[in-house]
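Here the structure is laid out as structure tokens; the discussion comes afterwards.
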Amino acid sequence: MKLSLNESMELTKTQRKGNIILPFFILILTLLVGQLILIPFLFAGIIKISMLENGLFNLYANSIPIILIIIYCKFVEKRTLPSLGITKKRFPINYLIGVLIGLAMISSTFLINFLLGSISVSINPNSINWTFIILSLFGYIIQGFNEEILCRGFLMNAIASKKGPLVGILLNSFFFGALHLLNPNVTFLSFINISLVGIIFSLIFYKTNNLWIVGAMHSIWNFLLGPVLGIEVSGLSTFSSVFKTISLEGKTLINGGSFGFEGGLAATIVLTISLIITLAIIKKNNTEDLNTEAY
């Protein structure tokens, strides 16, 4: 299937100068600087260690790399927000579409695990911290958008503008998977699954040319896993959740064990089906575009 540059990739090609190696370096540097900026505040006592314990502060700290990468693109690469896939056009509708797609994907993964008996689910027997859950929703909105602007809007489009969409989609997706290799309890299957997530997000971003959709998909996926279902999010536990979902021993290959659903075969099934559907839609639309051009 031949893929041509979409609108944001064309803008990136026109506006950006440089090779495809630099964006990888800039992305890692942005993540490191985002963490280093917090150190003086820790020493000054402005940020307390206790603030980091429930993970909320880290979620909101994801706003720092977002700001840094936008500043870098604007003043160094001279890239506009549309070249990153950020546009105000139909924002509420596009975000809602992303939420619904993400909801369908994680619900399907949960259902497969439930039907195969690999998990047990109950209302959280401990007191539910609703303040944490509400605040974490907004935190995951920031966190999901951060990873999407870095890996899709910035990195993918930079690579694609030089080497084509397919290379951009694959390289950024496996790099996205590699970023999770330092997470607790990571496995080879979890790396494959997260890379698959990256490919799906990349293809949807390529097709829609809209970062809000994939940002919403990413955010709702993580939020439902953690604060709602009480499952580890890429190996990271949540402070409080509405439900308590226990991954049963002996079926960790299905449920992902201590890494969470993203490390299990149930997720692999859902992601593979999602990838097939996404590719079929793109192929169908490309065929329709060719037929239209023929007339």
Side-chain angles (χ1 to χ4, degrees), residues 31 34-35 52-63 65 98-99 101-114 118-121 124 126 128-130 132-148 150-151 173 176-198 200-201 214-248 252 254-268 270-271 274:
L31 292 173
Q35 295 298 311
L52 306 178
E53 291 178 351
N54 63 12
L56 272 180
F57 187 87
N58 291 329
L59 288 177
Y60 283 86
N62 280 280
S63 58
V99 168
I101 296 173
L103 176 61
M105 290 173 66
I106 198 62
S107 298
S108 300
T109 306
F110 176 84
L111 184 60
I112 290 174
N113 275 291
F114 184 77
S118 71
I119 56 174
S120 67
V121 188
N124 198 334
N126 303 316
I128 301 172
N129 189 328
W130 288 106
F132 167 81
I133 291 170
I134 293 170
L135 289 175
S136 67
L137 170 60
F138 294 102
Y140 276 116
I141 288 173
I142 295 171
Q143 183 259 350
F145 185 75
N146 173 47
E147 293 190 18
E148 291 310 306
L150 290 176
C151 290
S173 298
F176 175 68
L179 287 176
H180 293 77
L181 288 176
L182 296 179
N183 286 28
N185 307 306
V186 67
T187 63
F188 178 72
L189 181 57
S190 63
F191 167 73
I192 294 299
N193 281 345
I194 292 176
S195 297
L196 271 175
V197 170
I200 293 166
F201 285 1
V214 288
M217 291 174 61
H218 197 142
S219 296
I220 199 65
W221 174 284
N222 288 348
F223 175 69
L224 289 176
L225 272 180
V228 175
L229 296 174
I231 302 164
E232 290 84 356
V233 182
S234 301
L236 303 174
S237 299
T238 189
F239 176 74
S240 180
S241 60
V242 178
F243 296 94
K244 185 174 181 60
T245 303
I246 299 175
S247 298
L248 301 179
T252 55
I254 299 171
N255 59 41
S258 53
F259 190 82
F261 282 175
E262 295 158 320
L265 285 177
T268 309
V270 172
L271 293 172
S274 299

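Quantities reported herein were computed from a predicted structural model and do not represent experimental measurements.
The closest side-chain heavy-atom distance from Val186 to Ile194 is not below 4.5 Å. Side-chain contact between Leu248 and Ser120 is present, with at least one heavy-atom pair separated by less than 4.5 Å. Two residues are said to be in side-chain contact when any heavy atoms from C-beta on lie closer than 4.5 Å; Leu103 and Leu224 meet this criterion. In this structure the side chain of Phe223 reaches within 4.5 angstrom of the side chain of Ile133, judged on heavy atoms. Two residues are said to be in side-chain contact when any heavy atoms from C-beta on lie closer than 4.5 Å; Leu229 and Ser241 fail this criterion. With a 4.5 Å cut-off on side-chain heavy atoms, Phe259 and Thr187 do not count as touching. Met105 is listed as a side-chain neighbour of Leu271, based on a closest heavy-atom distance under 4.5 Å.
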Inset, instruction - Give the intermediate values and the outcome of side-chain contact (heavy atoms from CB on, under 4.5 Å) for residues Trp130 and Val242. - result: CA-CA 8 Å; Trp130 288 106; Val242 178; 3.9 Å; yes
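In this view, Ser63 satisfies the side-chain hydrogen bond (donor to acceptor under 3.5 Å, both in side chains) rule with no residue, not counting sequence neighbours. Looking at residues two or more places apart in sequence or on another chain, you find a ring-ring contact (aromatic ring centres under 6.0 Å, His included) between Phe145 and Trp212.
Counting non-hydrogen atoms of other residues, nucleotides and ligands closer than 6.0 Å to CZ of Phe191 gives a total above 12.
Just one of Phe138, Phe239, Tyr140 meets the ring pair (Phe, Tyr, Trp, His ring centres under 6.0 Å) condition when paired with Phe132; it is Phe239.
Side chain of Thr238 to backbone of Gly230: no donor-acceptor contact under 3.5 angstrom is found. Although no hydrogens or angles enter the test, the distance criterion places a donor-acceptor pair under 3.5 Å between the side chain of Asn193 and the main chain of Gly264. The backbone N or O of Ser234 lies less than 3.5 Å from a partner atom in the side chain of Glu262, making a donor-acceptor pair. When atom types are taken as modelled, the side chain of Thr245 and the backbone of Ile231 share no donor-acceptor pair closer than 3.5 angstrom. Side-chain atoms of Ser190 never come within 3.5 Å of backbone atoms of Gly263 as a donor-acceptor pair (strictly under, hydrogens ignored).
Among all heavy-atom pairs drawn from Leu179 and Asn183, the shortest one is O-OD1, 4.2 Å. Residues Ser247 and Gly257 approach most closely at OG-O, 3.9 Å, considering heavy atoms. Pro184 approaches Leu236 most closely through the heavy-atom pair CD-CD2, 3.6 Å. For the residue pair Pro65 and Leu150, the shortest heavy atom distance occurs at CB-CD1, 4.3 Å. Here the closest non-hydrogen pair linking Ala266 and Asn113 is CB-ND2, 3.3 Å. Considering all non-hydrogen atoms of both residues, Leu59 and Ile142 come closest at O-CG2, 3.9 Å.
Atom CZ in Phe114 sits 13.5 Å away from atom OG in Ser107 (nearest 0.5 Å). Remark: Ile141 CD1 to Tyr60 OH distance equals 8.0 Å, nearest 0.5 Å. The distance from atom CG of Asn129 to atom OG of Ser136, rounded to the nearest 0.5 Å, is 9.0 Å. For the atom pair OG1 (Thr109) and CG (Asn255), the distance works out to 12.0 Å, reported to the nearest 0.5 Å. Summarising the geometry, atom CD1 belonging to Ile220 is positioned 6.5 Å from atom CG belonging to Leu137; distances are rounded to the nearest 0.5 Å.
Aromatic ring pairs are classed by plane angle as parallel below 30°, tilted from 30° to 60° and perpendicular above 60°; the pair Phe176 and His218 is perpendicular.
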